[in-house]
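Please read the structure below before turning to the comments.
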Amino acid sequence: MRMRAVASLRRVSQPTGSNRALVLGTIGTFGLNALAVVLNFVLVLVLSRSLGAEGYGAYASALAWAGVLSMVAVLGLTPLVVRHIAAYHASEAWGLLRGLLRRANQLVGLASVVTILVAAPIGWLIYRDRPALLQPFLIALLLVPLIPLASLRQAAMQGLGRVVLGRTPDTAIAPTLFIVAIVVAGSALGDRFTATWATGLQVAATACALVLGIVLLRRTLPRSVLRAAPEYEMQSWRRSGASLILLNVVLAASAQVGTIMLGALTTAGDAGVFDAAVRTTRLISFVMLAASYPLMPLVARLHASHEREHLQRTVIRTARGVLLVAVPTGTVVVVFAPVILRVFGAEFDEGATAMRILALGEVANVLTGFGGLVLVMSGRESDLARCVALGAVVNIGLSALLIPTLDVNGAAIATATAMTLSNTAMSLLAWRRLGVWTPVAGTRPWLES
């Protein structure tokens with residue numbers, strides 16, 4: 001079975017075809033990400049105007065918790081699903097493909113229930129005297145099974161090469177439904193529209209997108225998959241999954257540390273300001289995200305067929321293309337930070353310095369390239385987990401040290417520093433372990449000397 005898979009991978013990973021697929025996939029995901037950026041901006045604008053800094057901070061804090069808990073519940077299976085489904089699809093191993101989908105959904109469903117049961121009492125202990133934060137938190141727990149199941153479905157579509165179609169329900173449909181629901185509910189409820197209502201509407205929109213995504217996946221799967229008897233490679237999946245579970249938990253915690261710790265140590269208003277700054281600075285690297293979706297299965301195929309030189313050229317050229325967009329975007333964010341934040345409301349002005357710090361971190365992220373992606377798509381999950389753990393420790397430590405005195409700016413310094421250190425470590429390990437240089441600067445690193 002494995003020999004047949006490798007042979008098939010070598011046939012499908014021809015340079016011209018793979019580059020064309022990468023370009024087309026990047027263009028498609030770029031368009032989808034551009035739409036997502038617009039929708040995200042409108043969403044933050046509508047919510048911040050409707051709820052104010054305090055209310056928006058309560059909503060953002062609840063969503064940050066849901067994001068962390070969802071990453072726990074997904075068990076790190078999304079990159080594993082992308083990698084293995086790309087290989088199974090190429091080798092026509094339909095039984096293994098169906099078995100992986102079935103087992104992954106079963107595990108994530110069980111993990112979601114356990115996560116909710118553990119998280120609910122913890123949240124009550126933290127927020128029992130702050131109902132404005134407790135109620136959105138409890139409602140956001142309903143997202144814990146929805147987000148991981150949607151991630152698995154999206155990963156399956158990505159592995160099948162249907163990147164844009166797979167991301168459309170979660171990236172375009174869900175936020176559109178959410179924005180419409182907010183406008184309608186806000187008009188009907190007036191001052192009674194709170195973070196609790198906003199969180200509930202988020203759950204409803206996410207559920208609708210998940211149902212649509214499941215329908216699209218069933219229509220995309222080859223008929224042979226639906227007819228095949230499930231087969232399982234549990235030993236191989238466990239070996240990859242063990243590191244990925246830790247990786248996902250730490251990655252999610254690191255990404256949401258600032259918002260969660262600001263809500264816990266300072267005020268919901270500070271959490272709201274920081275979240276608005278974070279969401280805005282993600283504009284800088286959204287092209288990188290767009291490129292990563294078609295790049296992931298391509299890197300997996302090139303690594304499996306031992307085409308290291310082709311793999312390195314592909315990731316470096318892609319990173320350089322991303323940099324051409326990231327630098328001017330970052331410049332605009334740094335120069336016009338106060339103007340951009342003022343759009344969300346006068347209360348958000350204090351986040352200008354934090355936004356500038358986060359923008360520099362995002363540009364540094366682009367400069368280091370796709371080291372993390374190369375590691376995970378090449379089966380080096382444990383190395384990636386170490387890099388992410390380094391970033392999480394730095395982020396949590398600096399946040400605890402700086403937030404009490406610097407508030408939002410302290411959270412921004414911690415986030416940007418941790419992101420830069422973690423991504424640099426990923427690039428160095430991709431070179432040392434795999435001989436693949438990923439940063440945009442040069443193809444022959446100083447490490448060779």
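None of the values given here were measured: they were computed from a predicted structure. Every heavy atom of this structure was used, including side-chain atoms; hydrogens, water molecules and symmetry mates were not.
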Compare all side-chain heavy atoms of [X] with those of [Y] and state whether any distance is below 4.5 angstrom.
X    : Y    : answer
H89  : P222 : yes
T171 : L35  : no
L429 : R380 : no
V278 : T415 : no
L133 : I126 : no
M288 : F370 : yes
V118 : L69  : no
Q154 : T78  : no

Enter the distance from [X]:[atom1] to [Y]:[atom2] here, rounded to the nearest 0.5 Å.
X    : Y    : atom1 : atom2 : value
L51  : Y59  : CG    : OH    : 9.5 Å
T280 : D275 : OG1   : CG    : 9.0 Å
L323 : I284 : CG    : CD1   : 11.5 Å
L149 : T206 : CG    : OG1   : 12.0 Å
R192 : W197 : CZ    : CH2   : 8.5 Å
L210 : L143 : CG    : CG    : 11.0 Å

Exceeds 12 heavy-atom contacts within 6.0 angstrom, atom [atom1] of [X]:
X    : atom1 : value
W94  : CH2   : yes
R218 : CZ    : no
R98  : CZ    : yes

Determine whether a donor-acceptor pair (N or O, by modelled atom type, separation under 3.5 Å) exists between the side chain of [X] and the backbone of [Y].
X    : Y    : result
S305 : L302 : yes
S48  : L45  : yes
R162 : M157 : no
N395 : G391 : no
R128 : L125 : yes
T368 : N365 : yes
S422 : A418 : no
R308 : G435 : yes

Minimum heavy-atom separation for [X] to [Y], with atom names?
X    : Y    : answer
A73  : S112 : CB-OG, 3.5 Å
T259 : A60  : CG2-O, 3.9 Å
G371 : A430 : O-CB, 4.1 Å
L39  : I179 : O-CD1, 3.5 Å
L146 : V203 : CD1-O, 3.8 Å
M426 : G372 : SD-CA, 3.6 Å

I182 vs F193, side-chain contact (heavy atoms from CB on, under 4.5 Å): CA-CA, chis, key distance, verdict
CA-CA 9 Å; I182 291 170; F193 182 72; 3.9 Å; yes
Would R386 and D383 satisfy side-chain contact (heavy atoms from CB on, under 4.5 Å), going step by step from the backbone distance to the final call?
CA-CA 5 Å; R386 292 188 189 97; D383 286 328; 2.7 Å; yes
Could you go through H310 and R313, starting from their C-alpha distance and side-chain angles, then the distance that decides it, and tell me whether this counts as side-chain contact (heavy atoms from CB on, under 4.5 Å)?
CA-CA 5 Å; H310 182 200; R313 287 196 304 270; 3.9 Å; yes
Relative to each other, are the rings of W65 and F137 parallel, tilted or perpendicular (30° and 60° limits)?
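Taking F137 first and then W65, their aromatic rings stand perpendicular (interplane angle over 60°).
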Verify the distance criterion only: is there a donor paired with an acceptor across the side chains of T438 and S427 at less than 3.5 Å?
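Side-chain D/A pair, T438 to S427: present.
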If we count only N and O atoms by modelled type, under 3.5 Å, do the side chains of Y88 and E231 hold a donor and an acceptor together?
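No pair is found: no donor N or O on one side chain lies under 3.5 Å from an acceptor on the other.
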side-chain contact (heavy atoms from CB on, under 4.5 Å) assessment of L434 paired with H303:
CA-CA 9 Å; L434 303 166; H303 174 74; 4.1 Å; yes
